[in-house]
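Inspection log for the structure reproduced underneath, given as structure tokens.
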Amino acid sequence: MRLVLIPLSVILLIDIAGSYFVVRHVANSVYDIELNEIARELLLHVTHDGREFGFNLSAEAERTLFLDEEDDVFYLITTDDGDILAGDPTLPARKKRRNGSETAYYDDVFDGKPVRIALLHSQPLVHPASEPVTIQVAETQGKRDRYMRTLLLQVILPQVLLILIAGVLIWRGVAQGLAPLRKLQHEVGMRSHLDLSPIHATDVPGEVEPLVGAVNDLMTRVDAVLGFQERFIADTAHQLRTPVAGLKAHLELALRETDFTQVQRALGHLYTSAERLSRLVSQLLSLARNEPHNVVANFQPFDLNQVALRATQDWVPHAYKKDIDLGFEASEKPVQLNGEAVRVTEMINNLVDNAIRYTPSGGHVTVRILQDEESAHLIVSDDGPRIPVEERQRIFERFHRLLGTHEEGSGLGLAIVHEIATLHNAAIALEDDTDGVGNTFTVSFPIPHAEQHQA
Ligand SMILES: Nc1ncnc2c1ncn2[C@@H]1O[C@H](COP(=O)(O)OP(=O)(O)OP(=O)(O)O)[C@@H](O)[C@H]1O
Ligand SMILES: [Mg+2]
């Protein structure tokens with residue numbers, strides 16, 4: 001409102017000042033004509049006998065000439081030598097004389113009252129060859145003031161009214177336009193912090209719709225994160241309950257046992273349970289850390305060949321212990337990707353861990369990097385027992401494990417792999433190994449375009 005009403009008031013002031021000067025000019029030009037006529041009439045009565053000036057105006061003519069009901073009119077006729085020919089000698093004489101036939105007009109004060117004066121400097125018509133005389137005709141401003149007041153009222157009043165009405169209309173229009181916003185503010189203010197359903201924006205102004213849309217969008221995302229965290233906490237509590245109960249049972253057993261070898265056995269079980277619990281906790285943390293809704297990704301260029309080689313090398317002792325042949329095949333050229341090398345390493349660790357864990361001793365596990373036009377592929381294959389086709393989707397779900405596996409596991413590894421792939425816009429495929437046995441996990445990363453890469 002301030003942005004509209006302040007300029008509007010300034011326009012109003014400029015308008016009043018402008019109108020005042022225009023009206024004054026109009027009033028003056030109307031009445032100046034009369035003063036000029038009187039001055040020219042007086043000039044007709046200035047005489048010259050060849051030697052000196054005279055002035056000849058009968059009393060009656062003078063009365064008719066200066067007949068004015070409203071204003072007092074005075075005059076003064078002087079020669080250039082300063083001699084007064086006729087009129088009121090107290091009228092202030094103008095020093096600067098104008099020569100020529102044009103009459104000049106100016107405002108002055110006479111006898112304590114503001115007057116308008118017409119000044120004519122010209123040769124008397126009866127003797128055009130003589131010196132010129134100066135005729136001043138002064139008139140009080142009564143008529144002009146009255147005329148100006150009438151004009152001002154007629155001109156300014158409608159304008160003031162117009163601007164006031166415009167102000168009121170704008171005021172009401174803006175207030176009305178903002179009313180839906182106030183309603184919206186009320187609706188959002190009254191909401192419970194648990195209510196993340198979209199705000200209904202049926203009658204908000206069009207300019208505000210994108211804002212409401214953006215807020216709704218944000219709420220949807222916050223809702224998704226909250227939902228994830230809720231499920232995560234519920235799942236975690238559920239999953240932790242069993243191993244913690246097992247831990248407690250083993251502990252109780254050990255406490256009750258007096259035989260040293262039995263205590264040793266119980267402690268052995270306790271250790272295994274604690275290890276399982278520790279794995280579950282670290283996998284849970286990893287799952288939470290890589291949840292795409294929670295991650296602010298800090299992508300950097302890295303070489304997939306190097307990252308995969310380093311991750312695979314770390315598994316060599318483990319594979320050796322289980323008598324598994326762990327191989328690595330890099331692609332010919334470096335594979336530049338945009339992403340987070342730490343998370344990609346975590347992904348490779350989970351895939352290689354599975355391959356070694358679920359492949360029997362004497363088997364083969366190979367990590368391979370391939371690159372084609374559009375994507376870079378990270379391929380982890382083994383020759384262990386195949387994952388049944390109907391299970392190939394479900395193993396990526398949290399806590400889903402195949403029945404009948406004797407290996408320990410928390411069921412989170414592939415869910416983590418899936419999260420990290422999503423974070424990198426990568427696709428995961430699981431196929432039979434090409435040589436007819438085992439499983440092949442392929443993660444395909446999009447290759448950043450050259451210019452994107454430089455940026
Ligand atoms: N290479 C593989 N060969 C055979 N079965 C596999 C392979 N990878 C995964 N699986 C099956 O998929 C299931 C889910 O794997 P995932 O890595 O998600 O969980 P996990 O290995 O059981 O637990 P962890 O979170 O400790 O890795 C496994 O329990 C296993 O049955
Ligand atoms: Mg696993």
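FYI, the numbering just counts along the sequence from 1. One-based numbering, in listed order, for ligands and for the atoms of each. These numbers come from the heavy atoms of this one structure, side chains and all, not from hydrogens, waters or symmetry mates.
Considering every non-hydrogen atom in both Arg357 and Glu407, the closest pair reads O-CG, 3.3 Å. What you find for Pro243 and Leu280 is that their closest heavy atoms are CG-CD2, 4.0 Å. When every heavy atom of Arg191 is checked against every heavy atom of Met219, the shortest pair comes out as NH1-CE, 3.5 Å.
The shortest N/O to N/O separation between Asn350 and ligand 1 does not fall below 3.5 Å. For ligand 1, the polar-atom distance check against Arg357 finds no nitrogen or oxygen pair separated by under 3.5 Å. For ligand 1, the polar-atom distance check finds no N/O of Pro385 at less than 3.5 Å from any of the ligand's N/O atoms. Residue Ser410 has at least one N or O atom closer than 3.5 Å to an N or O atom of ligand 1. Considering both main-chain and side-chain atoms, Phe441 never comes within under 3.5 Å of ligand 1 through any nitrogen or oxygen pair. Ligand 1 has a nitrogen or oxygen under 3.5 angstrom from a nitrogen or oxygen of Leu414.
Ring planes of Tyr31 and Tyr147: perpendicular class, angle over 60° (limits at 30 and 60°). Ring orientation note: the planes of His424 and Phe299 are close to parallel, at an angle under 30° on the 30°/60° scale.
If you look at Leu402 next to ligand 1, the close heavy atoms, those under 4.0 Å, come from the backbone and the side chain alike.
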